[in-house]
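Scroll down for the structure; my scribbles are underneath it.
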Amino acid sequence: MHTIDHSKTSVGGISAARIADLRETEAEAFRKARPKSAAKADNGLPGFFGGVPMHWMNDWPTPFPILVDSARGAIITDIDGNRLDDFCLGDTGSMFGHSPPPVARGIRRQAGHGLTYMLPSEDAVAIGPLLQQRFGLPFWQIATTATDANRFALRVARTITGREKILVFNGCHHGSVDETMVRLVGGRPANRPGLAGEFRDLTRTTDVIEFNDVPALEAVLRNKDIACVITEPVLTNSCMVLPEPGFHDALRRLTRATGTLLLIDETHTISTGPGGYTRKHGLQPDLFVLGKPIAGGVPASVWGMSEDVASRYTHYISAKEPGYSGMGTTLSANPLQFAAMRATLEEVMTEENYDHMDHLARRLDAGLTAVIDRCRLPWHVARVGARVEFICAPGPLRNGGEAETAHAPELEAAIHVALVNRGVLIAPFHNMMLISPATSATQVNRLITAFGAVAARLAA
Ligand SMILES: Cc1ncc(COP(=O)(O)O)c(C=O)c1O
């Protein structure tokens, strides 16, 4: 029979001592399996500040970053020859697998014909209608990151409403968009803790309330001074928070009633289906953003506008003083993006591929839940389409505040490294596991088995 240590120093039902023990043993095993990588990476990559080309790479819980030799489909191989079933998939950038063949073909086709020239190509002619049909909005722009797409869409929202403020939900993440970096700290709006070099009081122009809180939404929108609510359909940045029944209806009704625009950011929730959560659940955003996987891993994003937003913005442009709008970046909408995006839309983000992803994600959800039940852990599993998450706390979670409390960084880090040592890579930060079209049932079974072994060890 399994008993769980509920002493004061326990997290997620596991004692701190047991977590520390797992962390130590697994770190040692990780190093042992990677002599070549350790020689090149353990003391940092030469020439890079902090020893990595991008500081997030130091946030993985492994003793040093995995040095990748190659990634194909849903498998990553490191330079020591360790093969990992990849369920992180570049934190959604490779949601459809590494180098999907149609995307690789598209990139090869374009590679000899110019990589950027600030002009459209024939692929661009095809992409506009593809975006219209798939996501239901009539007008589109291409940017390079989801951060930029959000920034530009928010600018349009402010422009046409003439309102300065935006509203975010506590715990949100929309990339490094400055004005979304606001949190509830002790129940009060404040700059997100840890922001570097931010001297402005962001709460002056950004309101923040909890997700799923309709009365708070009603109260804050009543003043009619919010240009736009920006949200994911499901909060995915912290531990996953699903919308409660009726929340999205209330959000749309209240935003409409107060002349507030609604920006839906589908960058993670595109895991739901070919048209995202928006199409599956009939959301009606005024502005829509999708980044990361939209070009199969080539940096690109899209943002769309409703008929009404577009016509108001057109009116504004026709009357505005000449000068730079503050939107657009030089490498955005380049022909490499067009080629990769067209291939992704036409041949990768298909109903058939999503059926496969959804089927295996259900299997993973059930398998992990069974492990948690068997080990009698106070944890739960949340899922939005092909995106599955285990959370080391009881659920479901209602909002960002609860999600933050549910996080168990030390415990999660120990589990992540233990999974890597058993051949499975999941996303750091939020225990996310993505199923791609290339992921196999065997890989899902291996993940369930590995998770079972680690959970049993923790709960023993
Ligand atoms: C919902 C959401 N929107 C936007 C972004 C920003 O994407 P990027 O970092 O590519 O700009 C992220 C990144 O994780 C995200 O999760």
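Just follow the structure's listing: the first ligand is 1, and inside any ligand the first atom is 1.
- Ring planes of F247 and F169: perpendicular class, angle over 60° (limits at 30 and 60°).
- Note on D85 versus R446: salt bridge recorded, some NZ/NE/NH1/NH2 to OD/OE distance being below 4.0 Å.
- Using a 3.5 Å distance cut-off with no hydrogens or angles, the side chains of E412 and H407 do pair a donor with an acceptor.
- Between D286 and R252, at least one side-chain nitrogen of the basic residue sits less than 4.0 Å from a carboxylate oxygen of the acidic one, meeting the salt-bridge criterion.
- Each of L167, T206, L263 was checked for a side chain to side chain contact (heavy atoms under 4.5 Å, CB included) with I230, and the lone residue meeting it is L263.
- The closest side-chain donor-acceptor pair between D308 and S306, if any, does not fall under 3.5 angstrom.
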Enumerate the pairs of nitrogen or oxygen atoms, one from ligand 1 and one from the protein, separated by less than 3.5 angstrom; state names and distance to 0.1 Å.
| from | atom 1 | to | atom 2 | distance (Å) |
| --- | --- | --- | --- | --- |
| ligand 1 | 3 (N) | D265 | OD1 | 3.4 |
| ligand 1 | 3 (N) | D265 | OD2 | 2.6 |
| ligand 1 | 11 (O) | A146 | N | 3.4 |
| ligand 1 | 11 (O) | T147 | N | 2.9 |
| ligand 1 | 11 (O) | T147 | OG1 | 2.5 |
| ligand 1 | 14 (O) | K292 | NZ | 2.7 |
| ligand 1 | 16 (O) | H268 | NE2 | 3.3 |

